[in-house]
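Below, chain A is the first sequence line, B the second, and so on; all start at residue 1. Keep in mind that what you see is a predicted model, and the values were worked out from it rather than measured. The figures here come from the full heavy-atom set of this structure, side chains too, leaving out hydrogens, waters and symmetry mates.
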Amino acid sequence: MDEAVASFPDNASLMIPGFGPGQPTNLLAALWRTNATGLTTISNGVGFESADPDQKGLGDLVMAGRVKKVIAAFTASTRPSRTGTAEALVANGTLEAELVPQGTLAERIRSGGAGIPAFYTPAGVGTETATGKEHRDFNGRAFVMETALFADYAFIRAHKADTAGNLLFRRAARNFNPIMAMAAKNVIVEVEQPIVEAGEIDPDQVHVPGIYVTTLVRIPVGGVLHINRATGMAIRQTA
Amino acid sequence: MDEAVASFPDNASLMIPGFGPGQPTNLLAALWRTNATGLTTISNGVGFESADPDQKGLGDLVMAGRVKKVIAAFTASTRPSRTGTAEALVANGTLEAELVPQGTLAERIRSGGAGIPAFYTPAGVGTETATGKEHRDFNGRAFVMETALFADYAFIRAHKADTAGNLLFRRAARNFNPIMAMAAKNVIVEVEQPIVEAGEIDPDQVHVPGIYVTTLVRIPVGGVLHINRATGMAIRQTA
Amino acid sequence: MAEEKQPLTRDQMAAVLAQNMGYGWIVNLGIGIPTNVSNFLTPDQEIVLHSENGVIGYGRLAGEGEEDPDIVNASATQPVTLNPGASIVHHADAFAVIRRGMIDVTCLGAYQVAPDGSFANWKTTNEPWNNLGGIGGAMDLASCAKQIYLAMEHTTRDGEPRLLEKCSLPVTAPSGVTLVVTNIAVVAVRNGKFILEQHAPGYTAEEIQAVTGAPLEVSPDFRRVAV
Amino acid sequence: MAEEKQPLTRDQMAAVLAQNMGYGWIVNLGIGIPTNVSNFLTPDQEIVLHSENGVIGYGRLAGEGEEDPDIVNASATQPVTLNPGASIVHHADAFAVIRRGMIDVTCLGAYQVAPDGSFANWKTTNEPWNNLGGIGGAMDLASCAKQIYLAMEHTTRDGEPRLLEKCSLPVTAPSGVTLVVTNIAVVAVRNGKFILEQHAPGYTAEEIQAVTGAPLEVSPDFRRVAV
């Protein structure tokens, strides 16, 4: 893992998938161990902090001041009683936040991966999130223009992979992974299962074609496979 | 097949996938046997005509004057020596044609299925196909605005399906099928293999979720599975 | 003799939402009370549950020992089961379903709702737009679903009404709410009005109106909830 | 003694195109001569062939008995083989690859080409725009690929030049062509100029210039094709 992120530069933009499952936990922990700073991140939320060195993630990078900007559908807690990770930093001006409706976020990423610089969506029209954005009517309904997102890096969590870089995801761990893998220049993938030879995965079942993938690393024994959110315990790779 | 298209109305819009393989041959032949007319079609090309009643398709519908408008990436032959199906009809004003670059066509269909009314693409900028269309610069490059396509009907050719309507395609027969299945109100599917029970297809392998599908029909014995383009012969369903 | 006052539990509120689903609907359940709705749907309703994370056709919450860490609902943490015929798509395709208008109803939690069908559920202050908040998929859902059902407490902890003439917090959508299920009432939102349809055991229309910040039109069919 | 004049065959033109592919490139082959390129790539080139129909990683044309009716290249009819590691995507995702700029080179047939890198391959008349023609995926490819290689006859059947100062037919793209392989020459397109790089057996630079409608700068490395 450390080798895969060793040359990660400062001030890079990074896509981080995950919606519960599907987070590249091991790559994030490896990034934590580098000195990379000045990150711009694109993710669903700003993430949790963890005392476990193997679970260090976006929340920890944010709190350590290594993130310059977050683009996310959750930049603060929805619960008034609980202050979110990023709020204080944004308030004191050391972190920039861009709050985006989740579907718009997903479509901006998909557009970045599809060479579409901008599109129109109905989401958020009539709310603060659309304030100041360009509006336009189509067939009598108002839409707002949103622009594509494309990053220097994407960290991806796959279930299976072959040596050609073809990726498969499992169940809800798919979420943002395929579209983020399509929307970054350098795509680094941690894989749960042993990497198989090219030709062993049915071409009809591939979720992400190998042409998008830069680096594949299998999660080593002891690496984190899942995190039990109830207990905070990591479930680890055993073989 | 005839039952599946029995209530097909006049003046409907229809998506027709296929790029070589993946054409809903049997549904098109069934549509030929109805009196439906005034069609607007969305497809890659305007299609072939055939003397075989089982291979009657878009080309035949066009030549019979039952199509009002074609939206396609091929509205005329690229070979100067061979006049395309639609050319004479367009010339005498009985057929309207809209010629669209193939990637723009695919993206307009995908946008229709994704609730995106319009998007920007670089394809065709500086050519006749972009003439009169709205242009806009993003990051110093010119793009053209294109609008979504959504149809009343899509005819789909699937390889496998389950009773929940989940669809799988095989190899290059996938082509326009998934995006057209997402971009029409009524989605009628002809299936090559026996339809299996819901639960027998791995959720991770589904190409089109069943929520998009209106009607499923297995291709009956004697129905057309493939057409050998070299010989013009139909390869038929045997069991 | 008046029945004893018995506010609805969170599960009862979820059960009321489940009663209001039509046959074969495609339904999206938001975080909180709505995700519990999956436990109260009956097989004959043939509901397809859709989640922002691309899980289509999930079922009830996973019981002890049934949990699969890769199968969760919109909460991103709550394990659910898959029904036969389930399918998985990526996040952009999950929102393609939403934006195309295929969701018959989205059930969401909320802080405030008004008779024009507007509601607020993503920000708890009126500070100027500062890019802080938790929108999630609520705005996409609220802009595109055919109907919005809300599940919410009838008042704040301090007893202030949450059903108001006009939302005072920034809205999630300027219209679209058709039904509000609270701990003491079921209120339809129709033609710019709140229609009081049902009450929790022991609550009268007058008592519900007293903690509501906008006029309630009492339905001719006003009745006790049946859960 | 002058070598006998021997125009290149279609297969030889495809072989020249194959020689001009870099290691590990992602390549799209258009209908006509370009689709034959798949037969002349060597395994050590590690080329990934991409087709508009969503087939990524196909190999040579299928031989007798190898044909699978569901595996075809961009011609939509020509059966091809799949290499190990192939994958399939739908048509919109196939063009996502193209528009993102991942295609290192697209090989296309053409009617005309000019030193500014513009070319024409979709319409054979100059009639006003009438929505008739066969564009296919050529415009998307031409607008987005890193380079465009053309395979074309050097002249029309009537002997008129096809390499021109300016295309007289409607263009497919206003720029982007970097290499033109004809039946008698290999011409690089660089800095607004045609650079004559190679000749078919027996053809001199003067003879090639005589059937070319724009000045050719003869490369210092001008040589006979090696196929």
Atom [atom1] of [X] with >12 non-hydrogen neighbours under 6.0 angstrom:
| X | atom1 | value |
| --- | --- | --- |
| B:Asn35 | CG | no |
| C:Asp44 | CG | yes |
| C:Arg190 | CZ | no |
| C:Lys193 | NZ | no |

Output for pair (C:Arg100 CZ, B:Ile211 CD1), nearest 0.5 Å, gives 8.5 Å

To the nearest 0.5 Å, atom CD1 of C:Ile56 lies from atom OH of B:Tyr212 at 6.5 Å

Okay, B:Ala183 and chain C: the region with an atom under 4.5 Å from a heavy atom over there is backbone

Honestly, the part of B:Asn166 sitting under 4.5 Å from a heavy atom of chain C is side chain

Which atom pair, heavy atoms only, marks the closest approach of [X] to [Y]?
| X | Y | value |
| --- | --- | --- |
| B:Pro203 | C:Leu82 | CG-CD1, 4.0 Å |
| B:Ala198 | C:Pro84 | O-CB, 3.6 Å |
| B:Pro209 | C:Ser87 | CB-OG, 3.3 Å |

- Would you say the side chain of B:Arg110 lies within less than 4.5 Å of the side chain of C:Asp93, judging by non-hydrogen atoms? yes

If one checks every heavy atom of C:Val55 against chain B at 4.5 Å, the contacting part turns out to be neither

Among B:Val208, B:Asp202, B:Ile116, the residue with the most heavy-atom pairs under 4.5 Å to chain C is B:Ile116

Does the side chain to side chain contact (heavy atoms under 4.5 Å, CB included) test come out yes or no for B:Val206 and C:Ile88, once each step is laid out?
CA-CA 7 Å; B:Val206 171; C:Ile88 312 285; over 6 Å; no

